[in-house]
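Side-chain atoms are counted along with the backbone in the values below, which use heavy atoms only and exclude waters and symmetry mates. Along the sequence shown, the residues carry numbers beginning at 1.
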Amino acid sequence: NVTGLDVPAPYTLSHTCPASLQGGASCQLSVVFAPGTVGNFNTPVAIESDVAGAGTRFALSGVAVSPTSSLTITPNAVNLAGANVGMSAPVKSVTVTNYGNSTATVSGIGIADGAADFNQTNDCAQALAPGASCTINIGFSPATYGLRTANLVLFEEASGTLYPVALTGVGNAANLSVTPGAANFPNTVLGHTATQNVVLTNSGNQPLEALVVSLSGASEGFVLDSSQ
């Protein structure tokens, strides 16, 4: 007869063992570990029998840890390449995964320091279970020419952690500059001429189409030569 099938808390035991275990027979023990506090729980368990010398022992060992959420965003930086000003680049995505052992509370997702150029949509629930993932889609529509930067930010409430993802993109456009910004002529004798040179530069990354240079305002006495 098998006796002594008991275990101390935080373990509980269930089994399929009959009161009398015949020769060559076996039965199964199922042990559940349900700690209520943090710590190590090591317990020897004795299985006794009414047969002399037939008792045996086995050890239970478990470690109780505090529940924590641990979010990872991959990739942690996104380059959305280039797009013409006012147009949109192809959308790119990042994945948020909870590698912790408790539910993460996602209380905010947004764009910081560049909301005019970047945008986001997502399918992330406020409660992200352990092992679960969600997706954030990032769009880029540059409002102006040149390198544009921003941060995608996610706030996890339980840990108070802010998770940033660096965003970059380039706004494509022509960018005309005039040097110098003003042409100041010296005193000039009537019937003579004086010349000043002004340089037009396209410092952008797109062609400047249909360029027309002309004089406006009180332009009497001035002649424009744009052939050089």
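Residues passing the side-chain hydrogen bond (donor to acceptor under 3.5 Å, both in side chains) test with Ser141, sequence neighbours excluded: Ser88. With sequence neighbours left out, Ala125 forms a side chain to side chain contact (heavy atoms under 4.5 Å, CB included) with no residue at all.
Residue pairs meeting the salt bridge (Lys or Arg N to Asp or Glu O under 4.0 Å) criterion with at least one member in residues 129-155, sequence neighbours excluded, are Asp117-Arg148. Sequence neighbours left out, the pairs with a member in residues 70-164 that pass disulfide bond (SG atoms under 2.5 Å apart) are Cys124-Cys134. Identified under the disulfide bond (SG atoms under 2.5 Å apart) test for residues 160-208, with sequence neighbours left out: none. Within the structure, disulfide bond (SG atoms under 2.5 Å apart) pairs that include any residue of residues 75-107 do not occur (at least two apart or interchain). Within the structure, no pair that satisfies the salt bridge (Lys or Arg N to Asp or Glu O under 4.0 Å) test touches residues 79-96, not counting sequence neighbours. For residues 179-199, the set of pairs meeting the ring-ring contact (aromatic ring centres under 6.0 Å, His included) definition, not counting sequence neighbours, comprises Phe185-Phe222.
Hydrophobic cluster membership of Val32, counting Ile, Leu, Val, Met, Phe, Trp and Tyr whose side-chain heavy atoms lie under 4.5 Å apart directly or via other members: none, as it forms a cluster of its own. Val170 belongs to a hydrophobic cluster with Leu147, counting contacts under 4.5 Å between side-chain heavy atoms of Ile, Leu, Val, Met, Phe, Trp and Tyr, direct or through other members. The hydrophobic cluster of Val212 has no other members, since no ILVMFWY side-chain heavy atom comes under 4.5 Å of it. Summarising the hydrophobic clusters (Ile, Leu, Val, Met, Phe, Trp, Tyr; side-chain heavy atoms under 4.5 Å, direct or chained), the residues clustered with Val106 are Leu71, Ile73, Val78, Leu80, Val94, Val96, Ile109, Ile111, Phe118, Leu128, Ile136, Ile138, Phe140, Leu152, Leu154, Tyr163, Val165, Leu167.
Between the side chain of Gln22 and the backbone N or O of Ala25 there is no donor-acceptor pair closer than 3.5 Å. Without hydrogens or angle criteria, Thr16 side chain to Cys27 main chain gives no donor-acceptor distance under 3.5 Å. Side-chain N or O atoms of Ser93 include none that pairs as donor or acceptor with a backbone N or O of Val91 at under 3.5 Å. Between the side chain of Asn98 and the backbone N or O of Ser70 there is at least one donor-acceptor pair closer than 3.5 Å.
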CA sep, side-chain torsions, deciding dist, call: Leu200, Leu176, side chain to side chain contact (heavy atoms under 4.5 Å, CB included): CA-CA 7 Å; Leu200 305 185; Leu176 181 65; 4.1 Å; yes
Could you go through Thr74 and Thr97, starting from their C-alpha distance and side-chain angles, then the distance that decides it, and tell me whether this counts as side chain to side chain contact (heavy atoms under 4.5 Å, CB included)? CA-CA 8 Å; Thr74 53; Thr97 304; 5.6 Å; no
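Using a 4.5 Å heavy-atom cutoff, the side chains of Thr195 and Asn197 are in contact. Val7 places none of its side-chain heavy atoms less than 4.5 Å from the side chain of Thr43.
Across Pro35 and Pro10, no two heavy atoms sit closer than the pair CA-CB, 3.7 Å. Closest approach of Gln196 and Pro186 over heavy atoms only: NE2-CD, 4.2 Å. Across all non-hydrogen atoms, the minimal contact from Thr188 to Ala194 is OG1-CB, 3.6 Å. Here the closest non-hydrogen pair linking Val85 and Ala173 is CG2-CB, 3.7 Å. When all heavy atoms are compared, the tightest approach of Asn151 to Pro164 is OD1-CB, 4.4 Å. Looking at every heavy atom in both residues, Gly62 comes nearest to Tyr11 through N-OH, 3.0 Å.
Atom OH of Tyr99 has 12 or fewer heavy atoms from other residues, nucleotides or ligands within 6.0 Å. Counting non-hydrogen atoms of other residues, nucleotides and ligands closer than 6.0 Å to CG of Asn137 gives a total above 12. For CG of Asp123, the number of neighbouring non-hydrogen atoms (other residues, nucleotides, ligands) closer than 6.0 Å is greater than 12.
The line from OH of Tyr145 to CG of Asn84 is 12.5 Å long, rounded to the nearest 0.5 Å. To the nearest 0.5 Å, atom SG of residue Cys17 and atom CG of residue Leu29 are 5.0 Å apart. Here the straight-line distance linking atom CG of Asn122 with atom OG1 of Thr135 works out to 9.0 Å at 0.5 Å rounding.
No continuous path of ILVMFWY side-chain contacts below 4.5 Å connects Val63 to Val38, so the two sit in separate hydrophobic clusters.
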